[in-house]
**Q** 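Take this structure first; my questions come after.
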Protein chains: 2
Amino acid sequence: MKSKITITEIADKCGVSVSTVSRVLNNSPSVSPKKRALIQQIIDEYNYTPSVFARGMVNHKTKNIGVILPDITNPYFASLFLQIESFALKNMYATILFNTMFARNPDKYDTPLSEEDYFKIILEKQVDGVLILGGQIDKDDVPENFIHALNQLHKSVPVVIVGSRIDGCECLFVERNSRQGVTSIVNHFIALGHERIGFVGGEPGIRITSSRIEAFKQTMKAYHHDVNDSYIVTSDYYAPDGYSAMNQLLDQNSGKLPTAIIAINDMVALGAIRAMKDRGLDCPSDIAIASCDQFPHSDYSIPRLTSMDLHNEYLGRMAVMQLISAINGSEEAISINHMPELIIRESCGATRR
Amino acid sequence: MKSKITITEIADKCGVSVSTVSRVLNNSPSVSPKKRALIQQIIDEYNYTPSVFARGMVNHKTKNIGVILPDITNPYFASLFLQIESFALKNMYATILFNTMFARNPDKYDTPLSEEDYFKIILEKQVDGVLILGGQIDKDDVPENFIHALNQLHKSVPVVIVGSRIDGCECLFVERNSRQGVTSIVNHFIALGHERIGFVGGEPGIRITSSRIEAFKQTMKAYHHDVNDSYIVTSDYYAPDGYSAMNQLLDQNSGKLPTAIIAINDMVALGAIRAMKDRGLDCPSDIAIASCDQFPHSDYSIPRLTSMDLHNEYLGRMAVMQLISAINGSEEAISINHMPELIIRESCGATRR
DNA sequence: TTGTAGGCGTTATCAG
DNA sequence: CTGATAACGCCTACAA
């Protein structure tokens with residue numbers, strides 16, 4: 001609406017050349033203090049800001065980064081994003097957010113876009129870098145053409161992926177050991193005297209799901225405990241999924257129910273507990289539950305949830321740092337090693353007298 | 001990293017002038033089908049996309065919109081944002097998201113920025129329009145200088161605010177009747193036979209809080225029921241706030257407790273129920289609870305939450321529509337009138353036999 | 001320390 | 001229908 005003032009006009013008003021103004025803008029040292037002060041004053045007075053377009057034309061930078069994630073509604077991604085945005089802003093980058101979930105729920109959100117489509121859009125936006133959280137890269141078997149698209153994207157702009165490294169993908173990765181958490185929970189349950197332990201939630205064919213289930217089985221084996229396959233029911237990552245998974249588990253094990261259940265995250269745990277309740281089963285006295293990934297407010301549910309604090313905020317921070325340093329030309333990988341923490345509350349039954 | 005191909009090179013390869021290429025890019029009709037086809041083919045082959053910078057230089061558009069909200073972690077804003085992004089993308093706009101909550105929690109997120117600072121940043125980003133959800137504009141008394149900043153911003157780019165209209169503010173508003181919901185709940189409670197009704201949550205001095213409490217009082221008065229001031233405890237919008245508010249309410253009314261409580265939203269309701277539980281009180285048998293604003297998964301808590309579905313998604317959609325049409329020059333206000341819906345579940349006690 | 005001038009990739013205007 | 005050419009606002013040699 002209002003046409004912005006330009007560097008030329010500033011220069012005129014100050015009686016200097018545009019280059020001098022440009023110099024104070026990019027605080028180049030070679031400007032006399034006197035002129036610098038004057039120019040700065042005029043700049044402030046007219047509230048002048050250089051055009052991103054003109055700037056971009058010469059240095060090809062937008063100071064924007066693209067963030068692609070499945071669903072900002074999911075607390076996991078939301079808290080990650082919060083950190084990302086905070087840190088990015090501190091470094092003068094703004095974040096353009098893309099929710100690919102539209103691709104998954106075409107009925108609810110009628111934007112039939114694949115993640116690859118997003119790559120294209122994001123590329124056109126001329127962002128300085130891209131952060132990818134979850135989605136296709138989390139699949140056990142990442143489609144060949146998706147990896148190709150990723151590499152393609154990475155050729156034009158640095159791409160940082162939060163997730164486990166993939167063979168053949170040249171992007172940068174920020175990864176974390178996703179198994180420790182499960183192990184802690186199994187240890188805890190076994191220490192509590194449980195032997196029949198189950199697992200609910202998580203989309204099958206997705207890495208976090210697979211690796212957690214595997215870690216679960218391995219740890220159980222280390223204790224020489226059986227892992228009954230019917231005690232493991234996958235579904236997805238939300239409350240309704242925990243509900244259905246738990247119901248299925250209960251259905252197929254009416255004989256000997258597990259005494260403890262590991263849920264893939266807090267929402268699933270909540271759904272599972274609700275399913276139990278609807279069948280007259282109490283948590284934790286009938287079946288104890290603990291979740292592998294803590295979300296906000298797990299301290300206010302009934303019962304309070306025992307879960308792993310994975311320090312997700314920290315992960316988000318690392319990811320932007322990695323991206324920004326890549327934008328600035330550094331290729332060195334940042335390794336992240338943060339210990340997950342078991343937060344014992346009510347649902348695991350450890351606190352019942 | 002990889003330098004992009006330019007319109008000139010495309011023109012060269014096709015043996016035409018840049019203008020012709022530009023024409024097919026902006027599908028101007030006056031291009032011979034033959035040339036158009038050829039050019040398009042080369043464009044596809046080289047995967048050419050025009051530079052946003054060069055484009056911006058001439059038409060001053062980024063096809064980006066800025067969205068400012070307090071906290072994307074809050075389900076209310078998250079679901080709103082989802083719709084906003086979806087609809088924006090459908091219209092070829094990308095969304096730059098800014099969480100001002102950093103401004104509120106300087107200890108947790110050490111970015112000491114005021115909302116005004118965000119205005120400045122967002123302006124420098126040269127977005128085509130700005131959407132503001134919540135924050136300072138929601139205060140009962142919006143600071144004069146904030147309104148000024150808003151108007152200032154609106155002078156350079158269209159600003160749409162989701163919230164109640166403010167005197168002296170020239171921005172566009174998308175507003176909604178926030179009282180209807182409360183009225184429905186009071187009606188429901190009274191129909192259920194309740195007379196001593198309370199209210200918990202919501203930050204004092206914030207419009208939605210004030211208007212809901214006022215609507216609550218008015219409706220009660222219409223039924224000739226007393227509204228005991230000690231039955232109303234404000235705090236904030238999250239679970240911990242519901243918890244503390246409820247505790248306070250319980251403390252100051254040990255004599256005659258209310259039999260029903262209205263919570264400002266689902267998270268607060270959850271916190272309140274948790275507080276009751278910790279004191280051996282059951283919801284709904286001891287005190288019934290209903291919430292004014294439904295969040296996802298309220299169907300999976302214990303007890304299931306009775307709450308108002310405010311159709312927030314719809315609100316988000318309206319907001320972008322308004323913004324986009326403003327960007328395109330239309331100033332006409334879109335009025336929105338969507339009936340909130342009372343979803344009766346367990347916490348209100350209506351379903352107990 | 002300061003100024004001049006060329007170029008960045010498009011679009012729009014104006015001739016042909 | 002097509003092609004020159006002048007902006008657009010800034011940065012960066014290069015010159016002074």
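We name chains A, B, ... by the order of the sequence lines, and we start the count at 1 in each one.
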**Q** Going by the rule side chain to side chain donor-acceptor pair (under 3.5 Å), which residues pair with B:Gln40 if we only count those two or more places apart in sequence or in a different chain?
**A**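 Side chain to side chain donor-acceptor pair (under 3.5 Å) list for B:Gln40, sorted by chain: B:Asp44.
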**Q** What residues, two or more places apart in sequence or in another chain, satisfy side chain to side chain donor-acceptor pair (under 3.5 Å) together with B:Glu313?
**A**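 Side chain to side chain donor-acceptor pair (under 3.5 Å) list for B:Glu313, sorted by chain: empty.
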**Q** May I have the distance from A:Lys61 (atom NZ) to D:dC11 (atom P), rounded to whole angstrom?
**A**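 From A:Lys61 NZ to D:dC11 P: 15 Å.
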**Q** Name all residues meeting the salt bridge (charged side-chain N to carboxylate O under 4.0 Å, His left out) criterion together with A:Glu175; count only those two or more places apart in sequence or in a different chain, and write none if there are none.
**A**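 Partners of A:Glu175 by the salt bridge (charged side-chain N to carboxylate O under 4.0 Å, His left out) criterion, ordered by chain and then number, come out as A:Arg165.
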**Q** Under the side chain to side chain donor-acceptor pair (under 3.5 Å) rule, collect the residues that match up with B:Ser32, sequence neighbours excluded.
**A**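 In terms of side chain to side chain donor-acceptor pair (under 3.5 Å), with neighbours along the sequence ignored, B:Ser32 is linked to no residue.
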**Q** Distance only, no hydrogens: is a donor on one side chain within 3.5 Å (strictly under) of an acceptor on the other, for B:Thr20 and B:Lys35?
**A**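 No pair is found: no donor N or O on one side chain lies under 3.5 Å from an acceptor on the other.
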**Q** Holding to ring-ring contact (aromatic ring centres under 6.0 Å, His included), I want the full list of residues that pass it with B:Phe53, two or more places apart in sequence or in another chain.
**A**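 For B:Phe53 there are no ring-ring contact (aromatic ring centres under 6.0 Å, His included) partners, ignoring immediate neighbours.
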**Q** With sequence neighbours excluded, what pairs up with B:Asp138 under the side chain to side chain donor-acceptor pair (under 3.5 Å) test?
**A**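 Partners of B:Asp138 by the side chain to side chain donor-acceptor pair (under 3.5 Å) criterion come out as none, since no residue qualifies.
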**Q** Name the nucleic acid region contacted by A:Ser32, choosing base, sugar-phosphate or nothing; use a 4.0 angstrom heavy-atom cut-off, strictly under.
**A**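 Here A:Ser32 touches the backbone only, sparing every base.
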**Q** Between the axis at one end of the helix from C:dT1-D:dA16 to C:dG16-D:dC1 and the axis at the other (five pairs apiece), what's the angle to 10 degrees?
**A**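 That helix gives 40° between its end axes.
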**Q** Does the protein touch nucleotides 3-16 of chain C at the base, only the backbone, or not at all? Give it as B, S and - per nucleotide, heavy atoms under 4.0 Å.
**A** BB---BBBSB----
**Q** If you look only at distance, which donor and acceptor atoms sit under 3.5 Å apart when one is on a side chain in residues 318-330 of chain A and the other is two or more places apart or in another chain?
**A**
unit_1   : atom_1 : unit_2   : atom_2 : d
A:Ser325 : OG     : A:Met321 : O      : 3.4
A:Ser325 : OG     : A:Gln322 : O      : 3.1
A:Asn328 : ND2    : A:Ile324 : O      : 3.3
A:Ser330 : OG     : A:Glu332 : N      : 3.4

